[in-house]
Amino acid sequence: MQALAADAELFERGTWVRAGPGTTRPSPEDPSPIEHTCGMLMLQSGDPVTDKGVIVRLTLRAGAAASAALLAVAALAGCGSSSRDSPAAVGSDGKCTSPATLKTNLVPLYPLVKIGNDAGIFQKHCLVVQDTPAQSPVAAIPAIVGGSQDLTLLPAANLISTLNQKVPLKIVAPGAKIPDDADSLPPAKVDAAGVFLPKGSTIKSPKELEGKSVAVPGLGTSIQFGVMAAVANAGGDPSKIKFVQLDSQTEVQQLRAGKVDAAAIATPFSTQVEKDGYTRIASPTTALYGAGLAHTPWVTSQKALSAKPDAFKRFREAILEVQAYSMAHPDEYYQAMADQSKIPLDAIKAGPGFWFATQMDVNALKAFANKLKSLGIVTQVPELDNVIATS
């Protein structure tokens, strides 16, 4: 595999390292290769950015012998394997005799696999669906492309950026969306994040965040992009925002101490901050995606889709039923979310609601990609006409 070239001018943070098979590396500062199963890679130590560079994350896992967790995207496009389809077998009586198996890689805040299994929906569709928790949606991409996992829920902003890296992803089914009547609902019940101001701040509009320090829980994430969209929507220049990456707890501390001009904080921390009287100046997810957009679809790799068409067809039908069931049984969904995320049930119920789309609109996705380009988040709009799987 051809190594990817590092361009220091395109990244403001992180160190590029070379990764190869059969070796390990104890820390991001050590330039020796990292254990991996596919080819030679050039990786950035840090958070995923945009299509101006390779979207990767390199983190350390806790353990007796610390080892690097390699999460690369573009370089894995030709890496890994997907077993050929073993179509589900159904007897003459219509009963499933041999289910197809798919593996998902989801953040714990999406308990859809648990719901589908507990309600018997996957079983009804002759499927076995197994979930492995993901650190973040972007962190799941290498496992999907590499073939160790089959599906994840990926924010559309990260999907567009990844497609611009020529990573062959396909949308299998719609997932989460902003509700059509979002403008008539309390922002805290629609958006899983908020942009908050320190007490005593004189800022009155997102436009005034130009030139100001704004804390975000991750660079190259939908929350950061949403802050940019909120500023642009208000007539400001998002390129002038001074973003500061902090973990969520530190964000809250810096906000309370008035050490940042604003902080984009995600649930469940956003719920407590709002309860404590901090002013929400913007709702980043809503500002970025807008009402009605299916903003977090189910995606897989082209290779997996080609190898297991029957399984993915069954999954598409099943997951639409799971999502409809979840919306019809919100208490069950919230309880499953609490069980998986270990967030107290009361905190989850006090936070945002959830909505799922029933179809993907490629024209809406194209319009969104053009919005990302206008914000300077991506430099080009990828080919999207065939990104939605149809079979």
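In this text the structure is predicted, and so the values were computed from the model without any measurement.
With rounding to the nearest 0.5 angstrom, the CD atom of Gln130 is 9.0 Å from the OG1 atom of Thr104. Distance check: Met337 CE to Ile115 CD1 gives 9.0 Å after rounding to the nearest 0.5 Å. Here the CD1 atom belonging to Ile319 is positioned 10.0 Å from the NE2 atom belonging to His125, to the nearest 0.5 angstrom. Here the CG atom belonging to Leu159 is positioned 10.0 Å from the CG atom belonging to Leu372, to the nearest 0.5 angstrom. Here the OG1 atom belonging to Thr101 is positioned 12.0 Å from the CZ atom belonging to Phe122, to the nearest 0.5 angstrom. Between the CG atom of Leu288 and the OG atom of Ser283 there is a distance of 12.0 Å, given to the nearest 0.5 Å.
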Without placing hydrogens or testing angles, list every side-chain donor-acceptor pair under 3.5 Å for residues 346-363, not counting sequence neighbours.
| unit_1 | atom_1 | unit_2 | atom_2 | d |
| --- | --- | --- | --- | --- |
| Asp361 | OD1 | Asn363 | N | 2.9 |
| Asp361 | OD1 | Ala364 | N | 3.3 |

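Note on Arg280 versus Asp191: no salt bridge recorded, every NZ/NE/NH1/NH2 to OD/OE distance being 4.0 Å or above.
In this structure the side chain of Ile343 reaches within 4.5 angstrom of the side chain of Leu109, judged on heavy atoms. By the 4.5 Å heavy-atom criterion applied to side chains, Thr162 and Val145 are not counted as neighbours. Glu251 is listed as a side-chain neighbour of Pro217, based on a closest heavy-atom distance under 4.5 Å. Ser222 has its side chain within reach of Asn158: a pair of non-hydrogen atoms, C-beta onward, lies under 4.5 Å apart. You'll find the side chain of Pro174 stays beyond 4.5 Å of the side chain of Pro297, heavy atoms only. Side chains of Cys96 and Leu127 form no contact here, defined as non-hydrogen atoms less than 4.5 Å apart. Proximity of Pro187 to Thr286: side-chain heavy atoms (C-beta onward) are nowhere separated by under 4.5 Å.
Listed for the Lys166 side chain is no donor-acceptor partner under 3.5 Å among the backbone atoms of Leu163. Judged by distance alone, the side chain of Gln254 and the main-chain N or O of Thr250 form no donor-acceptor pair under 3.5 Å. Formation of a donor-acceptor pair under 3.5 Å by the Arg316 side chain with backbone atoms of Ala173 is not found in this model. For Ser213 (side chain) and Lys242 (main-chain N/O), no donor-acceptor pair under 3.5 Å exists by modelled atom type. Panel note: side chain Gln224, backbone Gly220; a donor-acceptor pair is recorded below 3.5 Å. Checked by atom type and distance alone, the side chain of Glu321 never pairs as donor or acceptor with a backbone atom of Ala318 at under 3.5 Å. Side-chain atoms of Lys212 do not come within 3.5 Å of backbone N or O of Val260 as any donor-acceptor pair. Side-chain atoms of Ser374 come within 3.5 Å of backbone N or O of Lys371 as a donor-acceptor pair. The closest donor-acceptor contact from the side chain of Gln245 to the backbone of Leu219 lies under 3.5 Å. With Asn117 contributing its side chain and Val129 its backbone, the two residues share a donor-acceptor pair below 3.5 Å.
Between Leu169 and Val387, the closest heavy-atom pair is O-CG2, 3.8 Å. Val231 and Pro206 make their closest contact through CG2-O, 3.3 Å (heavy atoms, listed as atom of the first residue, atom of the second, distance). Heavy-atom minimum distance, Asn105 versus Pro133: ND2-O, 3.5 Å. Of all heavy-atom pairs between Ile178 and Gly290, the closest is CB-O, 3.3 Å. Considering every non-hydrogen atom in both Ile160 and Ala369, the closest pair reads CD1-CB, 4.0 Å. Closest of all the heavy-atom pairs between Val227 and Pro284 is N-CB, 3.9 Å.
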Apply side-chain contact (heavy atoms from CB on, under 4.5 Å) to the pair His295 and Phe368, showing each step before the final yes or no. CA-CA 9 Å; His295 61 77; Phe368 175 68; over 6 Å; no

Checking side chain to side chain donor-acceptor pair (under 3.5 Å) for the pair Asp339/Gln335: CA distance, chi angles, key distance, verdict? CA-CA 6 Å; Asp339 292 342; Gln335 184 62 62; 3.0 Å; yes

Give the intermediate values and the outcome of side-chain contact (heavy atoms from CB on, under 4.5 Å) for residues Lys170 and Asn386. CA-CA 8 Å; Lys170 286 284 190 177; Asn386 300 309; 3.9 Å; yes

Hey, mind stepping through Asn164 and Gln380 against side-chain contact (heavy atoms from CB on, under 4.5 Å) and telling me if it holds? CA-CA 7 Å; Asn164 272 340; Gln380 62 183 347; 3.4 Å; yes

Using side-chain contact (heavy atoms from CB on, under 4.5 Å), reason through Leu151 and Val172 one step at a time and then give a plain yes or no. CA-CA 9 Å; Leu151 289 146; Val172 175; 3.8 Å; yes

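Within 6.0 Å of NZ on Lys366 lie more than 12 heavy atoms contributed by other residues, nucleotides or ligands. Around atom NZ of Lys199, more than 12 heavy atoms belonging to other residues, nucleotides or ligands sit under 6.0 Å away. For Gln123, the CD atom is loosely surrounded, since the number of other residues' heavy atoms within 6.0 Å does not exceed 12. The neighbour count for Glu317 CD, taken as heavy atoms of other residues, nucleotides or ligands under 6.0 Å away, is above 12. The neighbour count for Lys103 NZ, taken as heavy atoms of other residues, nucleotides or ligands under 6.0 Å away, does not exceed 12.
Between the side chains of Gln302 and Ser306, a donor-acceptor pair is found at a separation under 3.5 Å. Thr296 and Tyr289 form no side-chain donor-acceptor contact under 3.5 Å, judged by distance and modelled atom types alone. Side-chain contact annotation: Thr300 with Asp150, donor-acceptor N/O pair under 3.5 Å absent. Side chains of Asp276 and Gln272: a donor on one and an acceptor on the other come within 3.5 Å.
Under a hydrophobic-cluster definition in which Ile, Leu, Val, Met, Phe, Trp and Tyr are linked whenever side-chain heavy atoms come within less than 4.5 Å, directly or via other members, Val244 and Ile241 are assigned to different clusters. There is a path of hydrophobic side-chain contacts, each under 4.5 Å, that joins Tyr325 to Leu106. Under the 4.5 Å side-chain heavy-atom criterion for grouping Ile, Leu, Val, Met, Phe, Trp and Tyr, Val107 is connected to Val299 within one hydrophobic cluster. In terms of hydrophobic clustering, with Ile, Leu, Val, Met, Phe, Trp and Tyr side chains grouped at heavy-atom distances under 4.5 Å, Leu246 and Phe225 are assigned to different clusters. If you chain together hydrophobic residues whose side chains sit under 4.5 Å apart, Trp298 and Val128 never meet in one group.
Annotation for Tyr278: hydrophobic cluster partners, listed by chain and number, are Phe196, Val252, Leu255, Ile265, Phe269, Val273 (ILVMFWY side-chain heavy atoms under 4.5 Å, direct or chained).
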